[in-house]
Novice: 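Pasting a structure here, questions to come.
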Number of protein chains: 2
Amino acid sequence: MALEHAILVALLEQPASGYELARRFDRSIGRFWTASHQQIYRVLKRMETDGWVAAEQVGQEGRPDKRRWSAAPAGRTALADWLRAPVQPEAVRHELAVKIRGAAFADRAGRATLVAEVERYRADHEALLARYLAGERRDFPDAAARDARAALQHVVLRGGIAYERMVLAWLDDVLATLRALDH
Amino acid sequence: MALEHAILVALLEQPASGYELARRFDRSIGRFWTASHQQIYRVLKRMETDGWVAAEQVGQEGRPDKRRWSAAPAGRTALADWLRAPVQPEAVRHELAVKIRGAAFADRAGRATLVAEVERYRADHEALLARYLAGERRDFPDAAARDARAALQHVVLRGGIAYERMVLAWLDDVLATLRALDH
DNA sequence: TCCTGCTATGCAACAAGTTGCATAGGCAAG
DNA sequence: CTTGCCTATGCAACTTGTTGCATAGCAGGA
């Protein structure tokens, strides 16, 4: 029930077409909310019938036309109501942790495969951290925030950075533990 | 597609009824995989028809009978196959981060409500960290692991502890940022 | 020239997860 | 003695998310 609200925040920050939204959900917004383009188009349609967003047809040269969506007053109201509501407890779904506990029931070869997988996974997170840090240098070069929006975007990005650093340290712990099992 | 595998790991660690599984998914397993009892009963049924698990009727005094489930050989094989498969990228869904970026479009009163919500959220995570640390002292009192299973359970728990510590530090950062917006 | 990839939007079928409800006995507090 | 909570299992309806496919023009490389 919160993809609607994530889309509202995204459109308030910057109006966009469904396609552009999908790309932003693959990049900056994807740090805290993922969504496929199919989902975004479907939800945008529902939000339009609810009067939360409105589209404007934009013709383009050498490309298909697009519909630029923005948040409508009813959408702003809905967002304000949702912001006042209690934060729902998160649904945790950490596949890697299941696999690690499952490794107790695998043989030596199975554990070796898992170690390789964890290494690959670690490399992905290292690359993600590097991207976040590059984004931080690019978008927030001075410590003092320019305005409320930038300050809030920056603190969310710092959360992503802290998360990735924590994950990397934990994965090192995991690798050491897995390796110690088979000497 | 991974609730099945989380259940298999849980049953290999300790056979249990659907009800007991649901409680464990509310506690230790819930650290990395959440599931409601309705979901667990439904999936257990499917796993039974697939021959992944088998039940044994257990009569109890003063309580309803229960069905104690254990992992069947086909389930062990399925788990081993899954352990060898690549780790899927996680679907991130962090409602609080959406709300924080959304706070840029709220008024002073709306932001004050959010600050109160973040404080409550922080208290919940502080309590969770305390529970993890108590569980660690209880279940892993000596640094050297007794066996593979304990070592792997412990490293997953350390991940939960690291995560909660990171979240608490970040929430302090968030609170300071939110408060600085309105002096 | 053909093949791949990008922009741009969308439908349909399916899988997974949530919410609400139902049953039913025992046990403890008020 | 009634009300609520715990154990124990489960169905049905609904919402959300995933996978696969379709269309269509343009650009760039093999």
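In the text below, chain A, chain B and the rest are named by the order of the sequence lines, each starting its count at 1.
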Novice: List in chain and number order the residues that pass salt bridge (Lys or Arg N to Asp or Glu O under 4.0 Å) with B/Arg24, two or more places apart in sequence or in another chain; answer none if no residue qualifies.
Specialist: none
Novice: Does A/Arg76 have any side chain to side chain donor-acceptor pair (under 3.5 Å) partners at least two apart in sequence or in another chain, and if so, which?
Specialist: none
Novice: Does D/dC11 have its OP1 or OP2 closer than 4.0 Å to a side-chain nitrogen or oxygen of B/Lys45?
Specialist: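 Yes, because at least one side-chain N or O of B/Lys45 sits under 4.0 Å from OP1 or OP2 of D/dC11.
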Novice: Please report, rounded to the nearest Å, how far the P atom of C/dT7 is from the OH atom of A/Tyr19.
Specialist: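 Rounded to whole Å, this separation is 4 Å.
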Novice: In chain order, what residues pass the side chain to side chain donor-acceptor pair (under 3.5 Å) check against A/Asp124, with sequence neighbours excluded?
Specialist: A/Arg120
Novice: Is the shortest side-chain N/O distance from A/Tyr41 to OP1 or OP2 of C/dG10 below 4.0 Å?
Specialist: no
Novice: In whole Å, what is the span from the CD atom of B/Glu4 to the P atom of C/dG17?
Specialist: 8 Å
Novice: If you check the A/Arg23 side chain, which of C/dG17, D/dT18, C/dT7 turns out closest?
Specialist: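 Output: C/dT7.
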Novice: Please tabulate, for the side chains in residues 160-169 of chain A, all donor-acceptor contacts under 3.5 angstrom to protein atoms that are two or more places apart in sequence or on a different chain.
Specialist:
from: A/Glu164; atom 1: OE1; to: A/His125; atom 2: ND1; distance (Å): 2.5

Novice: Nearest of C/dA16, D/dT9, C/dA8 to any side-chain atom of B/Arg46?
Specialist: C/dA16
Novice: Using rotation axes that map the C1' atoms of four end pairs onto the next four (five pairs an end), what angle separates the end axes of the helix from C/dT1-D/dA30 to C/dG30-D/dC1, to 10°?
Specialist: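 End-to-end axis angle for the helix from C/dT1-D/dA30 to C/dG30-D/dC1: 30°, rounded to 10°.
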Novice: Of B/Arg67 and B/Ala91, whose closest DNA chain D nucleotide lies nearer the 5' terminus?
Specialist: B/Arg67
Novice: Please state whether the phosphate of C/dT9, meaning OP1 or OP2, lies under 4.0 angstrom from any side-chain nitrogen or oxygen of A/Ser17.
Specialist: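 Looking at the OP1 and OP2 atoms of C/dT9, one of them is under 4.0 Å from a side-chain N or O of A/Ser17.
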Novice: Side-chain donor-acceptor pairs under 3.5 Å in residues 99-106 of chain B, sequence neighbours left out?
Specialist:
from: B/Lys99; atom 1: NZ; to: A/Trp82; atom 2: O; distance (Å): 3.0
from: B/Lys99; atom 1: NZ; to: A/Ala85; atom 2: O; distance (Å): 2.7
from: B/Arg101; atom 1: NE; to: A/Glu13; atom 2: OE2; distance (Å): 3.0
from: B/Arg101; atom 1: NH2; to: A/Glu13; atom 2: OE1; distance (Å): 2.7

Novice: Does the side chain to side chain contact (heavy atoms under 4.5 Å, CB included) test come out yes or no for A/Val118 and B/Val87, once each step is laid out?
Specialist: CA-CA 8 Å; A/Val118 174; B/Val87 177; over 6 Å; no
Novice: Whole Å only: how far is the NE2 atom of B/His37 from the C1' atom of D/dG10?
Specialist: 7 Å
Novice: To the nearest Å, give me how far apart CD (A/Gln88) and C1' (C/dT18) are.
Specialist: 12 Å
Novice: Just how far is it from atom CD of B/Gln39 to atom OG1 of B/Thr34, taken to the nearest 0.5 Å?
Specialist: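 If we round to the nearest 0.5 Å, B/Gln39:CD and B/Thr34:OG1 are 7.5 Å apart.
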Novice: Is the phosphate of D/dT16 approached by B/Arg93 (side-chain N or O, under 4.0 Å from OP1 or OP2)?
Specialist: no
Novice: Need to verify one output field. Residue with the more 5' nearest nucleotide on DNA chain D, A/Arg42 or B/Arg68?
Specialist: B/Arg68
Novice: Expressed in angstrom and rounded to an integer, what is the separation of A/Leu44 atom CG from C/dA8 atom P?
Specialist: 14 Å
Novice: Of all the nucleotides listed (D/dA8, D/dC11, D/dG17), which has the minimum atom distance to the side chain of B/Gln38?
Specialist: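 My answer, after comparing the listed nucleotides, is D/dC11.
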Novice: Whether A/Gln39 contacts D/dT18 is assessed here as follows: a side-chain N or O lying under 4.0 Å from the phosphate OP1 or OP2. Is that the case?
Specialist: yes
